[in-house]
Structures are given as structure tokens and as C-alpha cells.
2 protein chains.
Amino acid sequence: MDTDDAIESLSALAHPGRLAVFRLLVQAGTEGMPAGEIARAFNTPANTMSTQLAILTRAGLIRSRRASRSVIYSADYGEVAGLLGFLMQDCCQGRPEVCAPVLQAASCCAPNTTAKETTS
Amino acid sequence: MDTDDAIESLSALAHPGRLAVFRLLVQAGTEGMPAGEIARAFNTPANTMSTQLAILTRAGLIRSRRASRSVIYSADYGEVAGLLGFLMQDCCQGRPEVCAPVLQAASCCAPNTTAKETTS
DNA sequence: GCCAAATTTCTACGAACGTGGAAATATGGA
DNA sequence: TCCATATTTCCACGTTCGTAGAAATTTGGC
């Protein structure tokens with residue numbers, strides 16, 4: 001993840017419609033959702049939604065696969081991880097407690113950790 | 001953190017100059033850095049930098065405090081935490097391993113955890 | 001091959017953003 | 001009070017973004 005990648009991802013998410021789409025796909029999980037169904041979920045014309053999905057895809061935030069006539073989109077969690085790492089790079093030079101809140105926010109679904117509810 | 005807050009934070013960061021400023025302040029820690037020094041660090045006119053700092057401040061990503069003639073800016077890590085929580089809300093309905101990469105990325109400086117280097 | 005369904009590409013217009021000059025405002029020293 | 005320093009606000013220009021109509025493309029059924 002370099003600056004250009006980060007800008008592309010952040011710009012893609014900095015739009016109410018696209019942000020909503022991405023969050024919907026995050027919740028949809030690996031199974032994903034067809035383009036038409038996404039467009040219908042937000043009452044958006046198919047061509048407009050196609051543009052938004054293309055922008056999210058170019059940013060690496062979502063992936064697509066074809067299933068017969070439909071194109072299924074799904075979230076790519078790795079891109080968020082990369083973005084977070086880029087943003088918080090060298091955040092805690094000797095003082096781990098400084099960026100502890102971020103760690104807490106990420107542990108929503110930790111496999112081995114007790115998820116604390118400290119959403120500041 | 002609601003949608004509007006998230007959009008404001010993401011928009012603020014979706015700009016090469018502001019992203020660089022925020023990352024600089026993340027690394028500067030709680031001590032922070034005066035506006036003039038930040039402007040000089042990027043060879044940016046003071047008024048332009050002032051505008052960028054104002055945008056980051058309005059988004060809640062940085063704070064400012066006055067120290068005599070200077071205004072010191074510093075990063076607000078909590079906003080990143082909130083943003084991350086908002087993005088990944090309900091990311092792992094029953095399948096914690098799905099969004100594990102994000103947790104890994106956040107554990108750069110975990111106080112109690114062994115930081116693994118799996119930057120995807 | 002022909003038609004319908006699903007999605008994408010092309011295009012253009014209005015809206016929002018980024019930049020920095022000039023002027024205004026705050027702070028501290030003499 | 002007067003001046004220098006530090007930062008911010010005002011403003012206007014050019015550039016980029018968002019949207020959706022129309023047309024093109026891909027896929028599957030018959």
C-alpha cells in the first residue's frame with residue numbers, strides 16, 4: 001500500500017452511496033451480492049451503480065465474479081487492513097497505549113480475544 | 001460515528017496533502033507540531049496549509065491547541081478507531097476468520113499481543 | 001440466429017473541490 | 001502603543017467529480 005493506493009481507496013469510500021455499498025458488501029460477507037440487487041437495494045439506476053462499483057473495484061475494495069448473467073460483488077477486507085496499516089504506520093513510537101483505541105475498534109470479531117465495547 | 005462523520009473523515013483524508021499531514025501528525029504523537037512547521041515541511045503556503053488543517057480538524061482527525069504565537073496540531077487516534085468500527089460493522093457474522101486481516105493490521109503496537117507481520 | 005435480461009461504456013452538464021493572493025486577526029516583545 | 005510573527009479568513013479562478021440518458025456489450029434460453 002502506497003500513497004496513491006490509499007488515496008484511491010479513501011476517495012472511493014468518501015461518497016455516501018459508495019460507502020453504503022461497501023458496508024453492505026462487508027456485511028454480505030464472502031458470498032457477495034449481484035450488481036442488480038445492489039442497485040435495487042438503493043433505488044439507484046443500474047448504470048450509476050455500475051460506475052460506483054467500478055470505482056470501488058479499481059480501488060481494490062471489492063471484487064467481482066460472474067455467475068451466469070449476473071456479476072457478483074463482494075468486499076475485500078484485505079484492502080481495509082492495508083489502509084489501516086498505512087494510516088497508523090509508526091503510530092506508537094514507544095508508547096503502545098497511544099493507539100490502543102484503534103486496536104480495540106478492530107477487535108470486533110477477534111477469534112482469540114475478548115471483544116470489548118469501547119467505541120469512542 | 002454516523003455516515004456523515006465517516007464521509008467527512010474519509011473526504012478529509014482522500015487528498016494527498018492532507019493524508020501526508022495526518023500521517024506526519026500520527027508519527028509526531030501527542031506532542032504534535034506547530035502549523036508553520038507543518039507548512040514548511042511540505043513547502044506549502046501557510047494559508048493553504050491552514051485550510052487543510054481546518055478540514056482535518058472539522059473532521060475530528062486532528063486537534064489544535066495554542067502555545068503562545070504558534071498553534072500546535074496533533075492527531076486524534078480515536079477518530080480512526082471510530083471510522084474503522086463503522087467500516088467493519090457486522091463484518092463477521094459467525095465467521096471471525098473473514099476479517100482477521102484487519103485485526104492483524106491494527107495490532108502494529110499491541111500492548112499484550114504478539115505483533116505479527118502479515119501486511120497483505 | 002433471435003430475443004430478453006443484466007451490466008457496462010460513452011457522453012455531457014451542473015455541482016463541489018483545491019489553490020493561493022490579499023487582507024484580517026491574534027499574540028508577544030519593546 | 002507599535003511592530004513583527006504566526007495563523008486564519010475571504011475570495012475567485014480552474015479542475016475534478018457525480019449523475020443518469022442513450023447506446024453498446026455480454027450472457028442464456030429457445
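Values reported hereafter were calculated over all heavy atoms of this structure, with side chains retained and with hydrogens, waters and symmetry mates removed. In what follows, every chain begins at residue 1, and chains take the letters A, B, ... in the order their sequences are listed.
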Residues that B/N47 engages under side-chain contact (heavy atoms from CB on, under 4.5 Å), provided they are two or more places apart: B/P45
Any residue meeting side-chain contact (heavy atoms from CB on, under 4.5 Å) with A/T44, in chain and number order, not counting sequence neighbours: A/F42, A/T48, A/M49
Residue-level proximity of residues 20-41 of chain B to DNA chain D when a heavy atom falls under 4.0 Å: B/P34, B/A35, B/G36
If you look only at distance, which donor and acceptor atoms sit under 3.5 Å apart when one is on a side chain in residues 6-18 of chain B and the other is two or more places apart or in another chain?
residue	atom	partner	partner atom	Å
B/S9	OG	B/D5	O	3.4
B/S9	OG	B/A59	O	3.3
B/S9	OG	B/E79	OE2	2.8
B/S11	OG	B/I7	O	2.8
B/H15	ND1	B/G17	N	3.1
B/H15	ND1	B/R18	N	3.1
B/R18	NE	B/A12	O	2.6
B/R18	NH1	B/Q52	OE1	3.2
B/R18	NH2	B/S11	O	3.1

Helix axis bend for the helix from C/dG1-D/dC30 to C/dA30-D/dT1 - C1'-based end axes, five pairs, 10° rounding: 30°
Salt bridge (Lys or Arg N to Asp or Glu O under 4.0 Å): pairs with one or both residues in residues 49-68 of chain A, sequence neighbours excluded: A/R63-A/D76
Validation: residues 20-32 of chain A side-chain donor-acceptor distances under 3.5 Å, sequence neighbours left out:
residue	atom	partner	partner atom	Å
A/R23	NH1	B/F86	O	2.8
A/R23	NH1	B/Q89	OE1	2.8
A/Q27	NE2	B/Q89	O	3.4

Sugar-phosphate only, base, or nothing, as touched by B/S68 at under 4.0 Å among non-hydrogen atoms: sugar-phosphate
Residues forming a salt bridge (Lys or Arg N to Asp or Glu O under 4.0 Å) with B/R40, sequence neighbours excluded: none
Polar atom pairs (N or O), protein with nucleotides 12-15 of chain D, under 3.5 Å:
none

Footprint string (nucleotides 13-26 of chain C, 5' to 3'): B base within contact, S backbone only, - free, heavy atoms under 4.0 Å: -----SSBBB----
B/R69: partners by side chain to side chain donor-acceptor pair (under 3.5 Å), with sequence neighbours left out: none
